Amino acid sequence: MASSLTCAGVIWAILSFLCAAASCVGFFMPYWLLGSQLDKPVSFGTFRRCSYPVRDESRQTTFMVEQCGRYASFQAIPSPEWRICTIVTGLGCGLLLLVALTAMMGCCVSELISRTVGRVAGGIQFLGGLLIGAGCALYPLGWDSEEVRQACGNLSEQFELGTCRFGWAYYCTGGGAAVVMLICTWLSCFSGKKQKQYPY
């Protein structure tokens, strides 16, 4: 099977796919921020949440529903910063996935990835990583929302966690983007084979 990638290009393709997968899984999972409410574990993502309080009007009590799900609508996301984070991080993950899948196809298709295409792909990866990094940096701005404060001992503010802590999904998303920006972008410069010149 012919490949349009050099040896460095194959490493770039595999690493790009792994990093894109890590960032996308981390983005989708609701374990960016971990806390507790009514003695039950609570976790948040940018657009998903696990465990939420429900008021039982007949008994005049509040109890926790222990299940994960998306917010009912985009406007139901607790803060405008988290809405922006959702869009920015989602776009970044989409770009990383697009380049990773194209790079993986380059392992099987000859003349798909030239040196120029590899460098352009690296630039797109860098942009995707920047977008994800911006999303991760925006995320703490939403910690002052009422929902988060309730789960963090009413002590959280912007960039102050209170009793909460970061979850594995936050690190997974940001770590995938960091590796893409630092290593994959560099490897992409050496990924494509020199195009053959055909005499006409």
Side-chain angles (χ1 to χ4, degrees), residues 5-6 8-35 43-50 68 70-71 74 77-107 113 115-145 148 156 158-161 164-192:
L5 297 174
T6 62
V10 172
I11 295 169
W12 167 68
I14 293 168
L15 192 59
S16 295
F17 182 76
L18 293 174
C19 290
S23 290
C24 290
V25 166
F27 170 61
F28 184 73
M29 299 305 281
Y31 302 107
W32 282 41
L33 186 65
L34 308 174
S43 60
F44 298 92
T46 61
F47 64 97
R48 299 182 75 212
R49 177 183 175 152
C50 287
C68 298
R70 291 188 320 256
Y71 288 100
F74 188 69
I77 294 174
S79 72
E81 294 87 1
W82 281 15
R83 289 181 212 125
I84 294 168
C85 178
T86 298
I87 293 169
V88 168
T89 307
L91 282 172
C93 286
L95 289 175
L96 294 191
L97 205 53
L98 175 71
V99 171
L101 293 176
T102 303
M104 293 302 285
M105 285 177 29
C107 292
I113 308 285
R115 286 186 179 175
T116 304
V117 171
R119 289 178 180 141
V120 169
I124 293 170
Q125 279 184 309
F126 191 80
L127 175 62
L130 277 179
L131 288 170
I132 294 171
C136 289
L138 282 170
Y139 191 69
L141 292 173
W143 293 347
D144 61 349
S145 70
V148 176
S156 67
Q158 291 183 344
F159 294 98
E160 290 183 32
L161 279 170
C164 289
R165 66 186 192 285
F166 281 116
W168 65 266
Y170 183 84
Y171 294 114
C172 193
T173 306
V179 171
V180 160
M181 289 175 63
L182 297 173
I183 299 174
C184 292
T185 300
W186 175 72
L187 282 173
S188 71
C189 295
F190 312 104
S191 62

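When reading the values below, keep in mind they use all heavy atoms of this one structure, side chains included, and skip hydrogens, waters and symmetry mates. Given the structure is predicted, the values throughout are model-derived calculations rather than measurements.
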Can you check side-chain contact (heavy atoms from CB on, under 4.5 Å) on Asp144 and Val148, steps first, answer last?
-> CA-CA 7 Å; Asp144 61 349; Val148 176; over 6 Å; no
Check against side-chain contact (heavy atoms from CB on, under 4.5 Å), Leu34 and Tyr170 = CA-CA 10 Å; Leu34 308 174; Tyr170 183 84; over 6 Å; no
What class does the angle between the rings of Phe47 and Phe27 fall in, given that below 30° is parallel, 30 to 60° is tilted and above 60° is perpendicular?
-> tilted
Ala13 and Leu5 have their tightest heavy-atom pair at CB-CD1, 4.0 Å
Would you name the heavy atoms of Met29 and Ala169 that are closest together and state the gap between them?
-> O-CB, 4.0 Å
Taking only residues two or more places apart in sequence or in another chain, which ones pass disulfide (SG to SG under 2.5 Å) with Cys164?
-> Cys152
In Å, rounded to the nearest 0.5 Å, how long is the span from OG of Ser156 to CD of Gln158?
-> 10.0 Å
For the student: nearest non-hydrogen atoms of Ser23 and Thr173, plus distance | OG-O, 3.1 Å
Heavy-atom donor-acceptor pair, Thr6 side chain to Phe190 backbone, under 3.5 Å | yes
Check whether more than 12 heavy atoms from other residues, nucleotides or ligands sit under 6.0 Å from atom CH2 of Trp186, and answer yes or no.
-> no
Would you mind writing out the side-chain donor-acceptor pairs for residues 119-142 within the sub-3.5 Å range, not counting sequence neighbours?
| unit_1 | atom_1 | unit_2 | atom_2 | d |
| --- | --- | --- | --- | --- |
| Gln125 | OE1 | Trp12 | NE1 | 2.9 |
| Gln125 | NE2 | Ser16 | OG | 2.7 |
| Tyr139 | OH | Gly45 | O | 3.4 |

Inter-residue atom distance Leu101.CG - Leu97.CG, 0.5 Å rounding | 4.5 Å
Rounded to the nearest 0.5 Å, how far apart are CG of Leu182 and CG of Leu187?
-> 11.5 Å
For the pair Ser79 and Trp143, evaluate side-chain contact (heavy atoms from CB on, under 4.5 Å) and give the outcome as yes or no after the intermediate values.
-> CA-CA 8 Å; Ser79 72; Trp143 293 347; over 6 Å; no
Does atom CZ of Phe28 have more than 12 heavy-atom neighbours from other groups under 6.0 Å away?
-> no
Under the side chain to side chain contact (heavy atoms under 4.5 Å, CB included) test, residues paired with Tyr71 that sit two or more places apart = Phe44, Arg49, Ala76, Ile77, Pro78, Trp82, Glu147
Looking only at heavy atoms, what is the nearest atom pair of Val180 and Cys19, with distance?
-> CG2-CB, 3.4 Å
Of all the heavy-atom pairs spanning Trp32 and Gly26, show the shortest one and how long it is.
-> NE1-O, 2.8 Å
Spatial distance of atom CZ (Arg83) from atom CZ (Phe74) [nearest 0.5 Å] | 6.5 Å
Hey, could you give me the SG/CZ distance between Cys189 and Arg115, rounded to the nearest 0.5 Å?
-> 11.0 Å
